[in-house]
Engineer: 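Have a look at this one.
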Amino acid sequence: MRKAAESGDAQASYALGMHYVGKWRDHFNSQIHLRSDRRLSELACLHLRRAADAGHADAGLQLARALAKERSRPAAPEEDQFWSNEEERYLAAAAESGHTHAAFILGAMHLRLARYSSDTSDAERHLRQAADGGHAKAAYHLGEWLLRQEGRQADAEHYLRLAADRTDADPRACIDLARILTRTQRSDLAEPYVRAALDSNYKGRYYHLEPDWMELLGDVLNRTRRRAEAKEWYDKARARRSAPKWADDWPDLDGD
C-alpha cells in the first residue's frame, strides 16, 4: 500500500493516512502522549494531504479534522467550530466534489459566523447542498434557520420535512414541522410528527422540552376535536413540569 501511495494512488494514500489516524487516535485515547504522537500526526496529514490534493473528497474532510486535532483545539461538535484557512480550503474542495458532510460542516460554520455578520449566503448555499444531498442534520439546521427568516416558511417546511421523514429523525425537526402544520390549519397532518418526537430514541437529550411537546400534542388533538385525549396530554405536560427532572430515574419501590 505504501508503494502505491508513493506512486500517486489517491485511494492508497487515503487508506494509509487513515491507518495513521487510527494509530494516532489510539495513542490519544490511551492518554499516553509520547513523541511518537507528533510523528503519527505528521504521517497522517502527509498521506491525507497527498490524497486530498489528488481530488479525494473523503481525504479532504479527514485532513481538515486531523489538522484541527493537531492544533489541539478543545473538543466540540463539528458544527460549532471555527476552522483555519487551510482546513476550510480542504473542506471546501471536498464539498465541491459532492461530499455532503463536508458541505454541512462548512454551512454550519458559516451559520455560526453569521452571528457577527449579515451575510448568510455561504451558510445557506452549503447547507442547501448538503440537505439536497440527503444529509439529515443539514436539512434540520437549514429548515430551522429558514423558519426564522421572514417569508421563507415554504422553504423551511420543505427542509424540515426532509429531516422529519427519516426513520432516525431529529425530534426537533418533527416538532418544528408540526408547529408549521398546526399554524397553517393542518393539525391532522401534524399529529404523527409530534407523536414521532415523543416516541423518539433521542428524546432523552431534550427532556426539558418534552412538556412543551406534550402540550403541543394536546393542542393538535384539541383542534381536531378530540378533547378527552387532549386533556390527557395537557395533564401529562403539567405533571412533567411539576416533577423533578430526575424523577424518571427513581427506582420502583413498589416492585418485587
Side-chain angles (χ1 to χ4, degrees), residues 57-58 60-62 64-65 76-81 91 94-112 114 120 122-149 152-221 223-224 233 236-237 240 248:
D58 284 331
L61 173 61
Q62 296 299 335
R65 287 172 166 167
E78 288 180 332
E79 61 266 30
D80 200 34
Q81 289 181 352
L91 284 171
E96 288 171 9
S97 298
H99 200 296
T100 57
H101 192 61
F104 164 65
I105 293 172
L106 275 174
M109 180 191 73
H110 283 290
L111 197 59
R112 188 180 183 209
T120 58
D122 285 335
E124 182 172 350
R125 176 168 58 87
H126 290 300
L127 286 175
R128 193 179 292 273
Q129 176 194 340
D132 289 343
H135 197 289
K137 287 184 74 174
Y140 165 67
H141 283 283
L142 179 57
E144 193 271 339
W145 177 76
L146 288 169
L147 195 57
R148 292 183 274 114
Q149 310 306 308
R152 307 294 299 276
Q153 183 168 295
D155 269 353
E157 180 177 340
H158 169 71
Y159 284 105
L160 288 171
R161 194 180 292 277
L162 286 181
D165 282 343
R166 296 173 60 98
T167 55
D168 58 344
D170 187 320
R172 297 171 299 173
C174 295
I175 292 298
D176 283 348
L177 178 58
R179 287 186 171 131
I180 291 175
L181 295 170
T182 303
R183 284 198 302 267
T184 52
Q185 311 305 316
R186 292 176 286 168
S187 297
D188 55 326
L189 300 179
E191 181 182 348
Y193 290 106
V194 186
R195 291 190 183 276
L198 288 167
D199 292 339
S200 169
N201 292 330
Y202 305 106
K203 69 176 184 178
R205 300 177 187 174
Y206 311 110
Y207 183 96
H208 60 296
L209 298 176
E210 282 188 50
D212 293 336
W213 299 355
M214 292 174 177
E215 190 171 306
L216 176 60
L217 182 54
D219 290 341
V220 168
L221 293 167
R223 286 169 181 257
T224 54
W233 283 100
K236 287 180 180 180
R240 176 59 64 88
D248 283 355

Engineer: Should the ring pair His141 and Phe104 be called parallel, tilted or perpendicular, given that the plane angle runs from 0 to 90° and is split at 30 and 60?
Structural biologist: tilted
Engineer: What is the minimum heavy-atom distance between Ala178 and Ala190, and which atoms define it?
Structural biologist: O-CB, 3.5 Å
Engineer: Not counting sequence neighbours, list each pair that qualifies as a salt bridge (charged side-chain N to carboxylate O under 4.0 Å, His left out) and has a residue in residues 178-190.
Structural biologist: Glu157-Arg186
Engineer: What I'd like to find out is whether the side chain of Arg161 reaches to under 4.5 Å of the side chain of Leu181, using heavy atoms alone.
Structural biologist: yes
Engineer: Closest approach of Arg205 and His208, non-hydrogen atoms and distance?
Structural biologist: O-CE1, 4.1 Å
Engineer: Kindly compute the distance separating OG1 (Thr182) from CD1 (Ile175), expressed to the nearest 0.5 Å.
Structural biologist: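 The CD1 atom of Ile175 is 9.0 Å from OG1 of Thr182, to the nearest 0.5 Å.
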Engineer: How many angstroms lie between atom CG of Asp155 and atom CG of Leu142, to the nearest 0.5 angstrom?
Structural biologist: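 CG of Leu142 is found 7.5 Å from CG of Asp155.
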Engineer: Give the minimum heavy-atom separation between Ala164 and Ala169, together with the two atoms involved.
Structural biologist: O-CB, 3.5 Å
Engineer: For the residue pair Leu217 and Glu191, establish whether any side-chain heavy-atom pair is separated by less than 4.5 Å.
Structural biologist: yes
Engineer: Looking only at heavy atoms, what is the nearest atom pair of Leu198 and Trp213, with distance?
Structural biologist: CD2-CB, 3.9 Å
Engineer: How would you list, by chain and number, every residue that makes a salt bridge (Lys or Arg N to Asp or Glu O under 4.0 Å) with Asp122, sequence neighbours excluded?
Structural biologist: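 Checked Asp122 against salt bridge (Lys or Arg N to Asp or Glu O under 4.0 Å); matches are Arg125.
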Engineer: Which residues pass the salt bridge (Lys or Arg N to Asp or Glu O under 4.0 Å) test with Asp176, not counting sequence neighbours?
Structural biologist: none
Engineer: Taking all atoms of both residues into account, what is the closest heavy-atom pair of Tyr193 and Cys174, and its distance?
Structural biologist: O-CB, 3.3 Å
Engineer: Is there a side-chain contact between Trp145 and Leu127, using heavy atoms and a 4.5 Å cut-off?
Structural biologist: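 Trp145 does not reach Leu127 side chain to side chain.
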Engineer: Taking only residues two or more places apart in sequence or in another chain, which ones pass salt bridge (Lys or Arg N to Asp or Glu O under 4.0 Å) with Glu215?
Structural biologist: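 Glu215 satisfies salt bridge (Lys or Arg N to Asp or Glu O under 4.0 Å) with Arg241 only.
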Engineer: When rounded to the nearest 0.5 angstrom, what distance separates CG in Leu146 from CG in Leu160?
Structural biologist: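 If I round to the nearest 0.5 Å, the distance is 8.0 Å.
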Engineer: To check you understand the geometry: which heavy-atom pair defines the closest contact between Ala130 and Ala138, and what is its length?
Structural biologist: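 What the structure gives for the nearest pair is CB-CB, 3.5 Å.
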Engineer: Among residues at least two apart in sequence or on other chains, which ones pass ring-ring contact (aromatic ring centres under 6.0 Å, His included) with His99?
Structural biologist: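 Per chain and number, His99 pairs via ring-ring contact (aromatic ring centres under 6.0 Å, His included) with no residue.
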Engineer: Starting at CG of Asp219, measure out to OG1 of Thr224 and round the result to the nearest 0.5 Å.
Structural biologist: 10.5 Å
Engineer: Can you check whether Thr184 reaches Gln153 side chain to side chain, under 4.5 Å on heavy atoms?
Structural biologist: yes
Engineer: Would His126 and His110 satisfy side-chain contact (heavy atoms from CB on, under 4.5 Å), going step by step from the backbone distance to the final call?
Structural biologist: CA-CA 9 Å; His126 290 300; His110 283 290; 3.9 Å; yes
Engineer: Tell me, do His135 and Gln129 make a side-chain contact under 4.5 Å, heavy atoms counted?
Structural biologist: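 Result no, sub-4.5 Å side-chain heavy-atom pair not found.
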Engineer: Got a second to check how far Ser97's OG is from Leu61's CG, nearest 0.5 Å?
Structural biologist: 11.5 Å
Engineer: Can a salt bridge be assigned to the pair Glu210 and Arg240 using a cut-off of 4.0 Å between side-chain N and carboxylate O?
Structural biologist: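 Salt bridge between Glu210 and Arg240, a charged N being under 4.0 Å from a carboxylate O: yes.
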Engineer: Holding to salt bridge (Lys or Arg N to Asp or Glu O under 4.0 Å), I want the full list of residues that pass it with Glu124, two or more places apart in sequence or in another chain.
Structural biologist: Arg128, Arg152
